[in-house]
Protein chains: 2
Amino acid sequence: MPKKRILPFIILGIINNRPHITGREITAEFETEIGDFWRASHSQIYPELKRMVNDGWIVASTSQENAKERYYQITSEGQEVLNHWLDQLVTDLPIHEDLFSLKLFFIKDQNDDRIPQLINRQRSLLEKELKYLQQRLTLVFPNKDAIKKNYGHYLILTRAISRTKGQIEWLKEIEE
Amino acid sequence: MPKKRILPFIILGIINNRPHITGREITAEFETEIGDFWRASHSQIYPELKRMVNDGWIVASTSQENAKERYYQITSEGQEVLNHWLDQLVTDLPIHEDLFSLKLFFIKDQNDDRIPQLINRQRSLLEKELKYLQQRLTLVFPNKDAIKKNYGHYLILTRAISRTKGQIEWLKEIEE
DNA sequence: GCACACATGTAATATGTTACATGATTTA
DNA sequence: TAAATCATGTAACATATTACATGTGTGC
């Protein structure tokens with residue numbers, strides 16, 4: 001789905017947060033923090049980085065230590081681009097490409113065995129996710145100072161926790 | 001994002017729910033009920049329908065009334081395919097390609113003006129969505145019999161409402 | 001020096017969107 | 001009968017995944 005070129009802005013934000021980052025490390029970010037909101041594999045990221053260097057949003061450098069590694073920095077132009085993107089208000093709610101809902105949607109009979117099966121699975125997935133998120137929260141934000149330094153990140157983590165809890169609660173309710 | 005061929009199963013489910021449906025009506029389904037969980041445009045749907053006829057999942061027919069319209073029916077093979085898909089348990093939680101979270105993630109400063117701006121916008125989008133969902137609920141499920149006849153659909157609608165309310169509550173909390 | 005993880009990159013393919021195109025049916 | 005909407009279809013392009021490919025650094 002060719003959305004409106006979100007990926008470069010995400011990469012820009014990552015580089016802005018962590019100067020001197022490598023492509024591999026950027027890739028890793030999509031497997032942890034960002035991973036809940038966006039996915040991208042290295043085969044998407046490397047060409048994108050090239051384009052961004054080309055457009056003057058970032059600059060690359062190498063070191064003697066590691067011949068292959070390339071370190072990226074955001075440029076002032078990149079800063080502008082990032083800020084301009086952040087300034088734009090969101091116009092639409094995201095859609096939830098959610099197989100759980102989708103499958104339920106097609107099951108008509110209240111007594112269909114697959115309903116409790118889907119629900120149980122969903123609940124266990126959500127409980128695992130909740131544990132992970134809570135662990136991240138204590139790990140990344142051990143004190144108030146950490147929260148202060150990365151407030152937006154803190155917000156979305158607590159939001160994800162709240163949302164996950166809510167979904168689990170809902171599942172518990174209908175199980176009865 | 002080339003996911004694992006979800007679209008044909010969705011279309012199959014739609015045709016199963018509404019025999020004698022046309023391609024245009026299938027397209028319309030993605031703008032109402034299904035639209036919260038999956039999007040597809042007609043340029044994706046028509047070729048897909050062709051493939052599905054070719055694979056024997058559905059059959060097409062025409063009528064004298066309207067020369068262009070093609071009416072689709074699910075075959076017994078299609079029924080099997082659909083049921084097999086519904087039988088498969090979901091293995092992963094969906095990711096939320098959510099610009100709101102993404103943008104917040106990149107804002108570090110607690111006093112950044114853009115945080116309340118993003119939050120206000122999100123709240124108004126969610127409140128609009130909530131109204132729409134509640135309206136759908138009373139419209140599609142006016143009585144208990146309607147619920148009984150389409151239980152899965154009922155579940156995901158109430159789930160969407162619960163989720164939306166939860167998100168609004170969370171936004172209210174942090175606004176203080 | 002061999003295995004394994006690191007680090008980057010490309011190619012083939014699948015999927016999705018936007019724009020273009022054409023004719024049929026309905027309605028004023 | 002002209003305009004709008006219905007109904008289907010295709011083409012060009014954008015985006016994303018999987019698989020392939022290649023060399024580097026590190027630990028044993």
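Order of the sequence lines fixes the chain letters, A, B, ..., with proteins taken first and strands second; residue numbering starts at 1 for each chain. All values reported here derive from a predicted model rather than from experimental measurement.
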Is any side-chain nitrogen or oxygen of B/K50 closer than 4.0 Å to OP1 or OP2 of D/dT10?
-> yes
Distance check needed: [N] [atom2] versus [X] [atom1], whole Å only.
X     : N      : atom1 : atom2 : value
A/I21 : C/dA7  : CD1   : C1'   : 14 Å
B/Y46 : D/dA11 : OH    : P     : 17 Å
A/I45 : C/dT8  : CD1   : P     : 11 Å
B/H42 : D/dT5  : NE2   : C1'   : 14 Å
B/R5  : D/dA16 : CZ    : P     : 17 Å
B/R70 : C/dT25 : CZ    : P     : 15 Å
B/E25 : D/dA7  : CD    : C1'   : 11 Å
A/Y71 : C/dT8  : OH    : C1'   : 13 Å

Between B/W57 and B/F9, does the ring centre distance come in under 6.0 Å?
-> yes
Please find out if less than 6.0 Å separates the ring center of A/F37 from that of B/H96.
-> no
Sidechain-backbone polar pair: A/T22 side chain, A/R70 backbone, donor-acceptor under 3.5 Å = no
Which part of the nucleic acid does A/T27 contact within heavy-atom distance under 4.0 Å: base, sugar-phosphate only, or nothing?
-> nothing
Most 5' of A/E69 and A/Q44 on DNA chain C, judged by nearest nucleotide = A/E69
Taking for each residue the nucleotide of DNA chain C with the nearest heavy atom, is it B/R39 or A/Y72 whose nucleotide lies nearer the 5' end?
-> A/Y72
Are there more than 12 heavy atoms of other residues, nucleotides or ligands under 6.0 Å from atom NZ of A/K108?
-> yes
Classify the side chain of B/S43 and the base of C/dT18 as holding, or not holding, a donor-acceptor pair under 3.5 Å.
-> yes
